[in-house]
Amino acid sequence: MDSGRTAKRLGELLMERGVLTPAQLELSLADQRATKEFLGAILVRRQLVKPDMLLAVLSEQSGIPSERLVPEGVDWALVKQFPASALSEGKCLPIRADAESVTVAIANPLDVGALSAIENAAGFRTVKPVLVLEEDLYRVQQAYRHRSLRKITSQLDSHGSDQTS
């Protein structure tokens, strides 16, 4: 069965598309060796590759569908159904579900540990990964934290006003 994945490396795929030159790739790989950062993150930071292009090529490389992740695209009630231990690393996030499956946003398609934690928490449902940009995943998780803090603050404020009445 063909999973749609390719054995080619990210840099090769980007050079085939004419997005990167061999010299740009070499400099970025040297940076990667020094920083241990993902090559894609380096390429985006250096503005050699647009985020959407990176996502499309990573999706092709891994055989995992991709999408841009925004806070409005997350079922926050679903997120609350998962234990903090499954979400604590911040490497993946359940974003929607139906009776049979849970779709999980993940930035690193090779991170089987993060997916495994979600699979264990999903119970009988199939986990379907969707590839997202690391920066989008981080931004959405920050939005969730801010939303949770606002809710807690609101509850404390209303509780405090009950006490003073």
Side-chain angles (χ1 to χ4, degrees), residues 2-21 24-25 28-29 31-32 35-119 121-122 125-151:
D2 180 20
S3 66
R5 119 187 359 206
T6 179
K8 292 184 181 177
R9 294 176 176 240
L10 176 62
E12 291 176 86
L13 292 168
L14 290 167
M15 284 194 310
E16 282 177 7
R17 285 169 176 71
V19 175
L20 268 186
T21 66
Q24 290 170 324
L25 177 59
S28 299
L29 287 171
D31 194 3
Q32 182 187 35
T35 65
K36 307 296 185 225
E37 216 179 338
F38 286 131
L39 178 60
I42 293 167
L43 295 171
V44 169
R45 180 172 32 84
R46 290 180 162 197
Q47 298 180 343
L48 297 170
V49 176
K50 293 191 182 306
D52 288 329
M53 170 62 76
L54 174 64
L55 194 57
V57 173
L58 287 172
S59 178
E60 175 188 332
Q61 183 187 36
S62 66
I64 298 173
S66 65
E67 66 183 65
R68 289 302 298 261
L69 185 62
V70 293
E72 301 79 25
V74 177
D75 178 349
W76 298 110
L78 172 68
V79 174
K80 291 178 185 175
Q81 293 175 20
F82 284 79
S85 60
L87 306 172
S88 65
E89 293 291 318
K91 297 179 180 182
C92 63
L93 184 73
I95 56 174
R96 62 182 165 267
D98 58 32
E100 292 85 35
S101 66
V102 176
T103 300
V104 177
I106 186 161
N108 179 357
L110 302 176
D111 191 346
V112 292
L115 278 177
S116 179
I118 294 290
E119 284 173 344
R125 295 182 285 190
T126 303
V127 171
K128 298 192 315 195
V130 62
L131 198 57
V132 299
L133 292 172
E134 187 173 24
E135 66 192 42
D136 288 351
L137 183 59
Y138 177 77
R139 190 173 20 257
V140 166
Q141 289 168 330
Q142 288 299 105
Y144 179 65
R145 287 184 189 101
H146 288 297
R147 182 180 170 201
S148 297
L149 285 174
R150 279 194 311 270
K151 186 175 181 179

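Starting from 1, each residue takes its place in the sequence as its number.
Rounding to the nearest 0.5 angstrom, the gap separating the CG atom in L20 from the CG atom in L14 is 5.0 Å. With rounding to the nearest 0.5 angstrom, the CD1 atom of I42 is 13.5 Å from the CD atom of Q24.
Sorted by first and then second residue, the pairs that involve residues 6-15 and meet salt bridge (Lys or Arg N to Asp or Glu O under 4.0 Å), not counting sequence neighbours, are K8-E16.
Listed here is the closest heavy atom pair of Q141 and C92: NE2-O, 4.0 Å. Residue V79 comes nearest to P94 through the heavy atom pair CG2-O, 3.3 Å, listed as atom of the first residue, atom of the second, then distance. What you find for V127 and P129 is that their closest heavy atoms are O-CD, 3.6 Å. The heavy-atom pair separating I95 from L78 by the smallest distance is C-CD2, 3.9 Å. Taking each heavy atom of V140 and L93 in turn, the nearest pair found is CG1-CD2, 3.8 Å. Closest non-hydrogen pair, E37 versus R45, comes out as OE1-NH2, 2.7 Å.
Residues forming a salt bridge (charged side-chain N to carboxylate O under 4.0 Å, His left out) with E67 (at least two apart in sequence, or on another chain): R96. In this view, A121 and F82, P83, A86 satisfy the side chain to side chain contact (heavy atoms under 4.5 Å, CB included) rule, not counting sequence neighbours. Remark: R125 pairs with no residue by the salt bridge (charged side-chain N to carboxylate O under 4.0 Å, His left out) rule, at least two apart or across chains. Applying the side chain to side chain contact (heavy atoms under 4.5 Å, CB included) criterion to P51, with sequence neighbours excluded, gives V44, R68, L133, E135.
In summary, the side chains of S28 and D31 do not present any donor paired with an acceptor at a separation below 3.5 Å, with no hydrogens or angles considered.
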Show me the donor-acceptor pairs within less than 3.5 Å that the side chains of residues 104-116 make with the rest of the protein, sequence neighbours left out.
{"from": "N108", "atom 1": "OD1", "to": "L110", "atom 2": "N", "distance (Å)": "2.9"}
{"from": "D111", "atom 1": "OD1", "to": "G113", "atom 2": "N", "distance (Å)": "3.3"}
{"from": "D111", "atom 1": "OD1", "to": "A114", "atom 2": "N", "distance (Å)": "3.1"}

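Residue E134 places its CD atom among 12 or fewer non-hydrogen atoms of other residues, nucleotides or ligands, all under 6.0 Å distant.
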Report the C-alpha distance between T103 and D98 in whole Å, list the side-chain angles of each, state the deciding distance to 0.1 Å, and finish with yes or no for side-chain contact (heavy atoms from CB on, under 4.5 Å). CA-CA 9 Å; T103 300; D98 58 32; over 6 Å; no
Pair T21, L48 - check side-chain contact (heavy atoms from CB on, under 4.5 Å), show working. CA-CA 10 Å; T21 66; L48 297 170; over 6 Å; no
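Proximity of L58 to I64: side-chain heavy atoms (C-beta onward) are nowhere separated by under 4.5 Å. A heavy-atom distance below 4.5 Å is not found between the side chains of L25 and L43.
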